Amino acid sequence: MRSLQSASGRLPSLSYSQDERLTRQNIEDLGRIIASEARGSNETAQLMVGWTVINRMKRRHLRSVSVVWQHNNYAHNHPATTISRRIAESLLSGQARDISQGATLFYSSLSMPKERDTNLHGFDIGSGLESCARL
C-alpha cells in the first residue's frame, strides 16, 4: 500500500529501538485505539489517529501504547480490526511515513456523535457533542 511507504525510505529517529515498541500487545492496543477513534473513517484518518499516539510516545519516550491512553486520552473500547492492526504494525515498525508532521492531537467530526444523537455509548466526548456539518 503506497501510503504506508516512507517517502525517503528512512525510519524516523527514536531514542530507543523500534523493536522495543513492536510488540504484540502494542500492536493490539494501538489497533484498538485506531478502531475506536477512527471507526468508519478512511485510511488517512486512521493513520492520523495512530500517528498522534506514536508522536506522544516519542515525545515522552514511552514504550507502551497503553500508557498513552491512560487518563482517558484515547477511546479504546472497540476491538482492533485486521486493518487497524496492519496500520498499527506499520506505524510501530517505522514503515509508515509521518503524514501528521509530528501532531499529537487529531480531531474528526465524522467519528464524533452529533448534537441530536441519543446513544452516546462508546464515545469519548469529554468536551461536548459535535455540531459541525459533514465535511
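Here, residue 1 is the first one in the sequence, and each next residue gets the next number. All values below were derived from every heavy atom in this structure, side-chain atoms included, with hydrogens, water molecules and symmetry-related copies excluded. What you see is a predicted model; the values in this text were computed from it and never measured.
Checking side-chain atoms of Trp51 against main-chain N and O of Ala96 turns up no donor-acceptor pair under 3.5 Å. Remark: the backbone N or O of Ala103 is paired with a side-chain donor or acceptor of Asn55 at under 3.5 angstrom.
Counting only heavy atoms from C-beta outward, the side chains of Leu62 and Arg56 never approach each other to under 4.5 Å. Between Leu91 and Ile34 the shortest side-chain heavy-atom distance falls below 4.5 Å. The side-chain heavy atoms of Glu89 and Leu22, taken from C-beta on, include a pair separated by under 4.5 Å. Counting heavy atoms from C-beta outward, Ile54 and Leu30 have side chains that approach closer than 4.5 Å. Under the 4.5 Å side-chain criterion, counting only non-hydrogen atoms from C-beta, Met57 is not in contact with Arg63. Here the side chains of Leu105 and Thr52 are not in contact, with every heavy-atom distance at 4.5 Å or above.
Closest non-hydrogen pair, Tyr74 versus Val68, comes out as CE1-CG1, 3.5 Å. The two residues Val65 and Val53 have their closest heavy-atom pair at CG1-CG1, 4.1 Å. Looking at every heavy atom in both residues, Ala35 comes nearest to Ala80 through CB-CA, 4.2 Å. Residues Ser36 and Ala75 approach most closely at CB-O, 3.4 Å, considering heavy atoms. Counting all heavy atoms, side chain and backbone alike, Val49 lies closest to Ala38 at CG2-CB, 4.0 Å. For the pair Ile99 and Met48, the tightest heavy-atom approach, listed with the atom from each and the gap, is CG1-SD, 3.8 Å.
In this structure, CD1 on Ile33 lies 11.5 Å from CD on Glu28, to the nearest 0.5 angstrom. To the nearest 0.5 Å, the span separating OG on Ser90 from CZ on Arg97 amounts to 12.0 Å. How far CG of Leu47 is from OG of Ser100: 9.5 Å, rounded to the nearest 0.5 Å.
For the 3.5 Å distance criterion, the side chains of Gln46 and Asn42 fail to qualify, holding no donor opposite an acceptor.
For CZ of Arg60, the number of neighbouring non-hydrogen atoms (other residues, nucleotides, ligands) closer than 6.0 Å is greater than 12.
Checked against His78 for a side-chain hydrogen bond (donor to acceptor under 3.5 Å, both in side chains), the options Arg32, Arg39, Glu37 give a single hit: Arg39.
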